[in-house]
A.B. asks: 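Got a structure here, written out as structure tokens. Questions coming.
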2 protein chains.
Amino acid sequence: MGIEDRKQRHKDDLKETILRAAKELFLEKGYEATSMRNIAEKIEYSAATIYLHFKDKNEVFYALHKEGFRMLVTEFRTLENVSDPFERLKAMGHVYVNFAVENPDFYQLMFVMAQPLEVLKLDLTLCWDEGDDAFRVLLETVIECQKLGYFKGFEPNGFSFMVWSTVHGLASLRTSGHLDHVRQVKTQMADINVVTKHTMDTFMSMMEQLK
Amino acid sequence: MGIEDRKQRHKDDLKETILRAAKELFLEKGYEATSMRNIAEKIEYSAATIYLHFKDKNEVFYALHKEGFRMLVTEFRTLENVSDPFERLKAMGHVYVNFAVENPDFYQLMFVMAQPLEVLKLDLTLCWDEGDDAFRVLLETVIECQKLGYFKGFEPNGFSFMVWSTVHGLASLRTSGHLDHVRQVKTQMADINVVTKHTMDTFMSMMEQLK
DNA sequence: TTATTTACTGAACACTGTTTAGTAATCTTG
DNA sequence: CAAGATTACTAAACAGTGTTCAGTAAATAA
């Protein structure tokens, strides 16, 4: 029995071990399809043990939610050395959509799923700190662009929300499969990556014309 | 074969009764939280009976999915008498977002949830006919706008995908609560409806400048 | 040495979607 | 009319779910 085997080995941070296993399973099979027993089995503990470290399945979810934002913000940080703010804005768009495509479950976790109300109210400041960071980076980039003459006459908050909507909308339609469906039925475009890029490029060149 | 007709009618009645009950429960408690037994209980049949009319829970879902699109397309049709295509495009945006705000579960059902792959492959043409209709209406409006000099030099498919992304992104961030969260933390805007409208107006006036 | 705390688990509870074997009632046919 | 076939339906079971809780063995403290 695996449980007996495990007792022979020494234990370090069990909470972290649970998160690593949960992350792997979530990214592999999705949130709904991963059971607490699956996670427990993977780390050779009983399911009940997870409840000693996390209130419920949602709390495991939110720990990873936070980690997802750290990943995204880290990727955004690598763009800090792109000096031209409009080029940076374009790069941010691509990083955002690529992140969604490469980590669809994390993306779902972070931006698509509606937050259960209790957690939203209690952890409001806690669990979205990194998300707010990401928005702040966007807003600052928009303001920088405006200093260079882009988006003249637009209120920066509204403009940032609009950019976020477009990029998030594209990421969401892309990862849900709806974009691909309409591509197949309505267009002659070769594959989903072409459509994604084409849509993004259309938006970027639209913004470029607002110089 | 009047008797055959009557039998078929009775069968259709029950199928419709199931859908009405499922719709009420889905809109009230959401898809995941509604069980087949819940639906059965509501109409005072056994759960197994539902499986005589629908292959599985997903098929109930897709029947309503289709109905949601019929509702949205119906709302779009009322805009056909708006003669100016750019005004019509703006109105479509508002109808779309309002639909999402007023029917968040239907919206989730139609645009947010990732389609289970089997159904996507089998029912591809069937279950999204109305969705494709909605996209076609958008595409035609974009083309009409271009005839009036808007969006010059943009490929209409890509432009339509971009418009859809933005409007869907706004609807999705709005209904998930993320938009409201960032509003609270980052802006001084009064309430979520103001932000939603402001974001939409920003996008519309951006498009207007492409004349 | 004894008492207490810690770390963990097996089993149970109340659910879930789905299948199947079976039952009554109705319809068809000899 | 009687017997067989068809229909409409269901109770019960299966294998799974998230979660709780009583209980246990080991480590630590008194």
Side-chain angles (χ1 to χ4, degrees), chain A residues 1-19 21-23 25-26 28-65 105 109 113 116-119, chain B residues 1-19 21-23 25-26 28-65 109 113-119 122:
Chain A
M1 187 58 68
I3 287 159
E4 293 306 310
D5 292 346
R6 195 220 78 247
K7 281 179 180 168
Q8 254 58 27
R9 297 194 294 271
H10 74 48
K11 157 227 146 187
D12 31 16
D13 200 354
L14 185 49
K15 192 162 178 170
E16 194 52 37
T17 307
I18 293 167
L19 282 177
K23 183 184 166 184
L25 289 170
F26 284 174
E28 184 186 310
K29 323 197 302 173
Y31 176 75
E32 296 291 346
T34 302
S35 73
M36 295 301 257
R37 286 176 181 81
N38 292 158
I39 302 170
E41 209 173 327
K42 184 154 193 142
I43 57 174
E44 295 173 288
Y45 277 78
S46 78
T49 300
I50 300 176
Y51 288 86
L52 302 174
H53 296 89
F54 298 92
K55 201 178 114 281
D56 52 23
K57 197 183 172 185
N58 253 305
E59 208 174 275
V60 181
F61 171 101
Y62 276 103
L64 293 173
H65 178 272
D105 279 277
L109 219 83
M113 292 184 72
L117 278 177
E118 346 104 58
V119 187
Chain B
M1 304 294 156
I3 289 162
E4 285 303 311
D5 284 0
R6 200 213 70 237
K7 278 184 188 166
Q8 188 58 50
R9 240 189 347 267
H10 186 261
K11 248 187 144 164
D12 288 350
D13 274 2
L14 185 48
K15 193 163 178 171
E16 195 51 38
T17 306
I18 293 167
L19 282 177
K23 183 184 167 184
L25 289 170
F26 284 173
E28 185 186 307
K29 323 196 301 173
Y31 176 75
E32 295 291 348
T34 302
S35 73
M36 295 300 257
R37 286 176 181 80
N38 292 158
I39 301 170
E41 209 173 325
K42 184 153 193 145
I43 57 174
E44 292 172 292
Y45 278 79
S46 78
T49 300
I50 300 176
Y51 288 87
L52 302 173
H53 298 270
F54 298 92
K55 201 178 114 279
D56 52 24
K57 197 184 174 186
N58 253 305
E59 208 174 275
V60 181
F61 171 101
Y62 276 103
L64 293 173
H65 178 271
L109 218 81
M113 292 182 70
Q115 327 264 9
L117 278 178
E118 347 104 55
V119 188
L122 292 173

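Chain letters run A, B, ... following the sequence lines, proteins first and then strands; every chain starts at 1.
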A.B. asks: Once side-chain hydrogen bond (donor to acceptor under 3.5 Å, both in side chains) is applied, do any residues pair with B:Thr17, and if so which ones, sequence neighbours excluded?
C.D. replies: none
A.B. asks: Looking at every non-hydrogen atom in both residues, tell me the closest pair between A:Ile39 and A:Ala22 and how far apart they are.
C.D. replies: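 The answer is CD1-CB, 3.9 Å.
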A.B. asks: Figure out the CG/P separation between B:Leu14 and D:dA8, and round it to whole Å.
C.D. replies: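 Going from CG in B:Leu14 over to P in D:dA8 covers 10 Å.
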A.B. asks: List the residues meeting salt bridge (charged side-chain N to carboxylate O under 4.0 Å, His left out) with B:Lys23, not counting sequence neighbours, and say none if there are none.
C.D. replies: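 With sequence neighbours excluded, B:Lys23 shows a salt bridge (charged side-chain N to carboxylate O under 4.0 Å, His left out) to B:Glu67, given in chain and number order.
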A.B. asks: Rounded to whole Å, please give me the gap between CD1 in B:Ile50 and P in C:dT16.
C.D. replies: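 That distance rounds to 12 Å.
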A.B. asks: Which whole-number value in Å describes the distance from A:Glu44 CD to C:dC8 C1'?
C.D. replies: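 For the pair A:Glu44 CD and C:dC8 C1', the rounded distance is 15 Å.
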A.B. asks: Atom CZ of B:Phe54 to atom P of C:dT19: distance rounded to whole Å?
C.D. replies: 15 Å
A.B. asks: Once you build an axis from the first five pairs and another from the last five of the helix from C:dT1-D:dA30 to C:dG30-D:dC1, how far apart in angle are they, to 10 degrees?
C.D. replies: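 End-to-end axis angle: 30°.
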A.B. asks: Could you work out, with salt bridge (charged side-chain N to carboxylate O under 4.0 Å, His left out) as the rule, every residue matching B:Lys42, not counting sequence neighbours?
C.D. replies: B:Glu24
A.B. asks: Per the salt bridge (Lys or Arg N to Asp or Glu O under 4.0 Å) rule, what does the pair list look like for residues 29-39 of chain A, sequence neighbours excluded?
C.D. replies: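 Checked against salt bridge (Lys or Arg N to Asp or Glu O under 4.0 Å) - neighbours excluded - no pair reaches residues 29-39 of chain A.
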A.B. asks: Check this one for me: any side-chain N or O of A:Ser46 less than 4.0 Å away from OP1 or OP2 of C:dC8?
C.D. replies: no
A.B. asks: Expressed as a whole number of angstroms, how long is the span from B:Leu52:CG to C:dT18:P?
C.D. replies: 14 Å
A.B. asks: Which residues pass the ring-ring contact (aromatic ring centres under 6.0 Å, His included) test with B:Phe54, not counting sequence neighbours?
C.D. replies: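 Partners of B:Phe54 under the ring-ring contact (aromatic ring centres under 6.0 Å, His included) test: none.
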A.B. asks: Does the side chain of A:Tyr45 get closer than 4.0 angstrom to OP1 or OP2 of C:dT9 through an N or O atom?
C.D. replies: no
A.B. asks: List for me each residue that meets salt bridge (charged side-chain N to carboxylate O under 4.0 Å, His left out) alongside B:Glu41, sequence neighbours excluded, and say none if there are none.
C.D. replies: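 Here no residue qualifies.
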A.B. asks: Between N or O atoms, less than 3.5 Å apart, protein on one side and nucleotides 17-24 of chain D on the other: list the pairs.
C.D. replies:
residue	atom	partner	partner atom	Å
D:dT17	OP1	A:Ser35	OG	2.8
D:dG18	OP1	A:Thr34	O	3.3
D:dG18	OP1	A:Met36	N	3.2
D:dG18	OP1	A:Lys57	NZ	3.2
D:dG18	OP2	A:Met36	N	2.7
D:dG18	N7	A:Arg37	NH1	2.7
D:dG18	O6	A:Arg37	NH2	2.8
D:dT19	OP2	A:Tyr51	OH	2.7
D:dT19	OP2	A:Lys57	N	2.9
D:dT19	O5'	A:Tyr51	OH	3.3
D:dT19	O4	A:Arg37	NH2	3.2

A.B. asks: Using side-chain hydrogen bond (donor to acceptor under 3.5 Å, both in side chains) as the criterion, list what pairs up with B:Thr34, not counting sequence neighbours.
C.D. replies: none
A.B. asks: Is A:Lys57 positioned over the aromatic face of A:Tyr31, cation under 6.0 angstrom from the ring centre and no more than 45 degrees off axis?
C.D. replies: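 That pair qualifies as a cation-pi contact.
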A.B. asks: Between B:Ile18 (CD1) and D:dC9 (C1'), how many Å, whole number?
C.D. replies: 12 Å
